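Below, all heavy atoms of this structure are taken into account, side chains as well, without hydrogens, waters or symmetry copies. Just so we're clear, the structure is a prediction, and the values are computed from it rather than from any experiment.
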Amino acid sequence: MFSYVKRLLIGRPLKSAELGEQKLNKTKALAILSSDALSSVAYGPEQILLVLVTVSSLAFWYSIPIGVGVLVLLTALIFSYRQIIFAYPHGGGAYVVSKENLGKFPGLVAGGSLLVDYILTVAVSVSAGTDAITSAFNGLHPYTVPIAVTFVILITILNLRGVTESASILAYPVYLFVFAIFIMIGAGLYKIAAGDVSPTLHTPIGTPVAGLSLFLLLRAFASGSSALTGVEAISNAIPNFKEPAPNNAAKTLLAMGGLLALLFSGIVFLAYYYGISPRAEVTVVSQIAEATFGRHFMYFFIQGTTALILVLAANTGYSAFPLLAVNLAKDKFIPRMFTIRGDRLGYSNGILILGTFSILLIIAFKGQTEQLIPLYAVGVFIPFTLSQTGMILKWWRQKPKGWMQKLIINAVGALISFTVAMMFFLTKFTHVWPVLIFLPLIIYAFHRISKHYETLADQLRITTCEPVVPIEGNVIILPVAGVTHVVEHSINYAKSLHPDQIFAVYIPFEREEETVFKEKWNKFMPDIRLVTLHSPYRTIIHPLMKFVDTIERKAKESNYQVTVIIPQFIPKKGWQNILHNQTSLMIRANLLFRKDVIITTVPYHLKK
């Protein structure tokens with residue numbers, strides 16, 4: 001049943017030779033890797049207004065110069081990451097750049113930040129998409145969390161089906177969203193040019209605003225910079241591109257930057273000119289669409305495509321998280337299971353872990369996008385800053401042709417990214433303080449895992465001086481629960497190993513049971529020694545473990561190996577397993593960590 005459901009949801013397994021067919025062309029890559037960055041225009045401009053409204057609606061005109069500042073940062077980041085793509089064509093992004101140029105610790109800070117950031121990417125995107133849906137249909141507000149969790153499950157299944165298949169499906173809503181927003185911006189600009197929008201709705205640019213400080217403007221700039229999250233995803237996912245991968249990735253990055261700049265500029269300008277004020281249950285894009293088209297077909301079309309891309313923007317995390325996890329796993333900082341490809345040639349373990357943690361985050365924050373965005377953004381700008389700083393050192397050390405120009409681009413990106421990160425810490429500390437806890441914990445976990453793998457390699461290496469203890473005999477312990485074919489089958493197997501001694505161990509709870517069983521055993525298998533361990537407290541594990549300890553101590557004196565054989569019958573129907581074998585599972589669980597005991601399970605398959 002499990003295999004059937006898996007095939008139905010995931011599809012048939014793919015051969016390793018089909019990996020090349022799973023690579024992305026530029027059109028699909030733009031959809032699957034840019035959806036996060038492009039979708040952020042739905043909430044980035046709104047974050048600027050949420051800061052400015054704390055002073056007065058008169059301050060909304062400052063959204064224009066702040067928007068220009070965000071575009072400057074976007075330009076610096078696009079050119080910076082374009083340089084990273086060509087400098088590190090095998091992917092890895094901020095983690096690889098920081099590790100190779102700044103050292104292991106900064107690399108782990110960047111890697112840890114990005115791992116958490118991609119989890120937040122999914123949580124924020126899906127939460128924002130759910131907000132867009134509930135803005136259009138207010139009756140759905142009480143069901144925000146269940147809707148968001150359902151979306152995460154669906155996207156996880158979609159990604160388990162493979163990169164190419166998920167990209168083919170995602171391309172349509174992403175490009176539909178871009179088309180819809182361009183229509184909205186074009187229609188809005190036409191209405192403004194035609195004089196259909198009253199100029200009294202907005203404050204003229206340059207109007208003095210009392211109580212406005214530079215600190216608050218920087219805070220608004222930092223909040224608006226949340227629209228730039230996802231810019232680094234393409235540099236992380238270069239291995240997903242068709243050859244020549246670096247060239248295709250660089251062109252895709254430039255296309256994403258151009259689209260993001262146009263969409264962001266258009267929404268910021270329309271929000272300013274329409275005099276849009278942020279509201280709790282209606283997004284800024286929803287208000288712009290309603291002011292432009294009224295609450296008719298185009299309004300719902302824009303809300304629908306916005307909700308779609310916000311939800312599907314989570315796919316950027318699903319594309320980048322597994323590849324980053326692969327790089328960390330290859331460097332032995334996280335479990336090696338993240339390097340294993342699944343049936344559909346995707347890194348399934350990374351996809352499943354990402355989906356699980358995203359759901360937990362959505363439930364913990366109750367799907368509140370506003371609570372997640374600051375934490376999300378600061379997780380992006382830390383690796384932004386580190387990667388740009390790493391590239392500065394790279395150019396300074398190597399001094400290739402045109403290195404000064406490249407260094408200046410990275411220096412501008414590093415300075416602005418650092419400023420934005422600091423502004424988040426200073427102005428939204430109550431939201432971003434978890435970074436100061438989970439990031440050190442993640443780096444500590446990285447070091448512990450790395451230390452374990454190093455120790456493991458040292459112990460397994462055959463060149464070590466540790467002597468091999470010879471095995472000169474074998475003692476078998478066989479727990480039995482009755483006189484059955486299962487026990488008979490297990491004893492026959494034990495005899496085939498030609499052990500020095502076999503102990504059949506029976507653990508009765510009552511003395512009468514002990515006497516009756518001894519009589520049965522003497523008739524059934526008189527040549528096998530039976531040991532009965534009366535258990536007045538009705539536990540099997542404790543007396544059995546004490547007996548194993550006793551035999552193990554004696555066996556060591558003669559260099560004998562102790563083997564515990566566990567009889568187990570296998571029912572014909574899979575569901576019937578839950579009705580049996582609990583005791584054998586407990587015995588195995590307790591013996592698993594015994595250093596000098598071998599555990600062998602002998603299955604007996606039932607016919608009916």
Side-chain angles (χ1 to χ4, degrees), residues 469-608:
V469 178
I471 297 176
E472 298 178 2
N474 194 10
V475 178
I476 290 178
I477 299 172
L478 179 71
V480 297
V483 175
T484 65
H485 284 304
V486 183
V487 172
E488 183 180 36
H489 179 61
S490 298
I491 288 176
N492 288 337
Y493 171 75
K495 287 179 177 179
S496 72
L497 300 176
H498 305 292
D500 294 271
Q501 198 164 4
I502 299 176
F503 294 98
V505 180
Y506 178 66
I507 304 175
F509 296 159
E510 303 293 340
R511 289 295 182 185
E512 293 78 6
E513 293 178 22
E514 184 176 359
T515 303
V516 172
F517 189 81
K518 281 182 177 179
E519 292 176 359
K520 287 183 178 180
W521 187 266
N522 289 332
K523 294 178 182 178
F524 170 63
M525 201 71 65
D527 59 326
I528 300 298
R529 181 177 175 182
L530 176 68
V531 177
T532 57
L533 306 171
H534 179 244
S535 178
Y537 295 102
R538 299 162 306 284
T539 174
I540 290 175
I541 302 301
H542 182 65
L544 179 61
M545 294 304 111
K546 286 185 69 177
F547 180 74
V548 171
D549 288 339
T550 301
I551 297 299
E552 186 183 346
R553 282 196 298 271
K554 292 180 179 179
K556 276 185 179 180
E557 297 172 2
S558 304
N559 289 333
Y560 277 24
Q561 176 65 58
V562 176
T563 301
V564 178
I565 290 181
I566 302 174
Q568 180 172 324
F569 61 85
I570 310 300
K572 184 76 173 176
K573 307 284 186 182
W575 66 268
Q576 294 171 344
N577 279 294
I578 62 175
L579 306 176
H580 311 284
N581 301 318
Q582 276 72 38
T583 301
S584 63
L585 288 172
M586 288 191 295
I587 293 173
R588 277 198 297 272
N590 280 272
L591 289 173
L592 190 60
F593 297 101
R594 296 294 180 107
K595 181 180 178 183
D596 297 313
V597 177
I598 292 175
I599 311 162
T600 300
T601 299
V602 180
Y604 182 85
H605 293 266
L606 300 178
K607 297 176 182 177
K608 296 181 181 180

Discussion item. Does any part of the side chain of Ile477, heavy atoms only, come nearer than 4.5 Å to the side chain of Thr563, both counted from C-beta?
Written reply: no
Discussion item. Testing the basics here: between Asp500 and Gly473, what is the closest heavy-atom pair and its distance to 0.1 Å?
Written reply: OD2-CA, 3.1 Å
Worksheet item: With a 4.5 Å heavy-atom cut-off, do Thr484 and Phe569 have their side chains touching?
Response: no
Worksheet item: Is any side-chain heavy atom of Leu591 closer than 4.5 Å to a side-chain heavy atom of Val548?
Response: yes
Worksheet item: Please, which pairs that meet side chain to side chain donor-acceptor pair (under 3.5 Å) have at least one residue in residues 538-547, sequence neighbours excluded?
Response: none
Practice prompt. Hey, could you give me the CD1/CD1 distance between Ile565 and Ile491, rounded to the nearest 0.5 Å?
Written response: 9.5 Å
Practice prompt. Identify, with sequence neighbours excluded, every residue that meets side chain to side chain contact (heavy atoms under 4.5 Å, CB included) alongside Pro526.
Written response: none
Worksheet item: With Arg553, which residues qualify under side chain to side chain contact (heavy atoms under 4.5 Å, CB included), at least two apart?
Response: Asp549, Thr550
Fill in: Summary of salt bridge (Lys or Arg N to Asp or Glu O under 4.0 Å) pairs that have at least one residue in residues 559-572, sequence neighbours excluded
none
Response to the item:
The side-chain hydrogen bond (donor to acceptor under 3.5 Å, both in side chains) partners of Asn559 (sequence neighbours excluded) come to none
Worksheet entry | Check against side-chain contact (heavy atoms from CB on, under 4.5 Å), Ile598 and Val562 | CA-CA 6 Å; Ile598 292 175; Val562 176; over 6 Å; no
Worksheet item: Can you tell if the side chain of Ile476 reaches within under 4.5 Å of the side chain of Gln501, non-hydrogen atoms only?
Response: no
Discussion item. Applying ring-ring contact (aromatic ring centres under 6.0 Å, His included), can you list everything that pairs with Tyr604, at least two apart in sequence or on another chain?
Written reply: His489
Practice prompt. Evaluate the side-chain proximity of Asn590 to Met545: yes if any heavy-atom separation is below 4.5 Å, no if none is.
Written response: yes
Practice prompt. For Lys554, enumerate each residue passing the side-chain hydrogen bond (donor to acceptor under 3.5 Å, both in side chains) test, keeping only those at least two apart in sequence or located in another chain.
Written response: none
Worksheet item: Do the non-hydrogen side-chain atoms of Leu533 and Val505 ever get within less than 4.5 Å of each other?
Response: yes
Worksheet item: For Lys520, which residues count as a side-chain hydrogen bond (donor to acceptor under 3.5 Å, both in side chains) partner, sequence neighbours excluded?
Response: none
Response to the item:
For Ser584 and Ile566 the tightest heavy-atom approach is CB-CG2, 3.5 Å
Fill in: Under the side chain to side chain contact (heavy atoms under 4.5 Å, CB included) test, residues paired with Asn522 that sit two or more places apart
none
Worksheet item: Does Val487 reach the side chain of Trp521, with side-chain heavy atoms less than 4.5 Å apart?
Response: yes
Discussion item. Would you say that Val475 contacts Pro499 through its side chain, given a criterion of any heavy-atom pair below 4.5 Å between the two side chains?
Written reply: no
Worksheet item: How would you list, by chain and number, every residue that makes a salt bridge (Lys or Arg N to Asp or Glu O under 4.0 Å) with Asp596, sequence neighbours excluded?
Response: Lys556
Worksheet item: Between CG of Leu478 and CD1 of Ile528, what distance do you get to the nearest 0.5 Å?
Response: 8.5 Å
Practice prompt. Using the test side chain to side chain contact (heavy atoms under 4.5 Å, CB included), find all partners of Glu514 that sit at least two apart in sequence or belong to another chain.
Written response: Pro508, Arg511, Lys518, Thr532, His534
Discussion item. If the condition is ring-ring contact (aromatic ring centres under 6.0 Å, His included), which residues does Phe547 pass it with, not counting sequence neighbours?
Written reply: Phe503
Discussion item. As a quick check of understanding, evaluate side-chain contact (heavy atoms from CB on, under 4.5 Å) for Val597 and Lys595, giving each step before the final call.
Written reply: CA-CA 6 Å; Val597 177; Lys595 181 180 178 183; over 6 Å; no
Practice prompt. Find the distance between OG1 (Thr583) and CZ (Arg588) and round it off to the nearest 0.5 Å.
Written response: 10.5 Å
Worksheet item: Take atom OH in Tyr493; do more than 12 heavy atoms of anything else shown fall under 6.0 Å from it?
Response: no
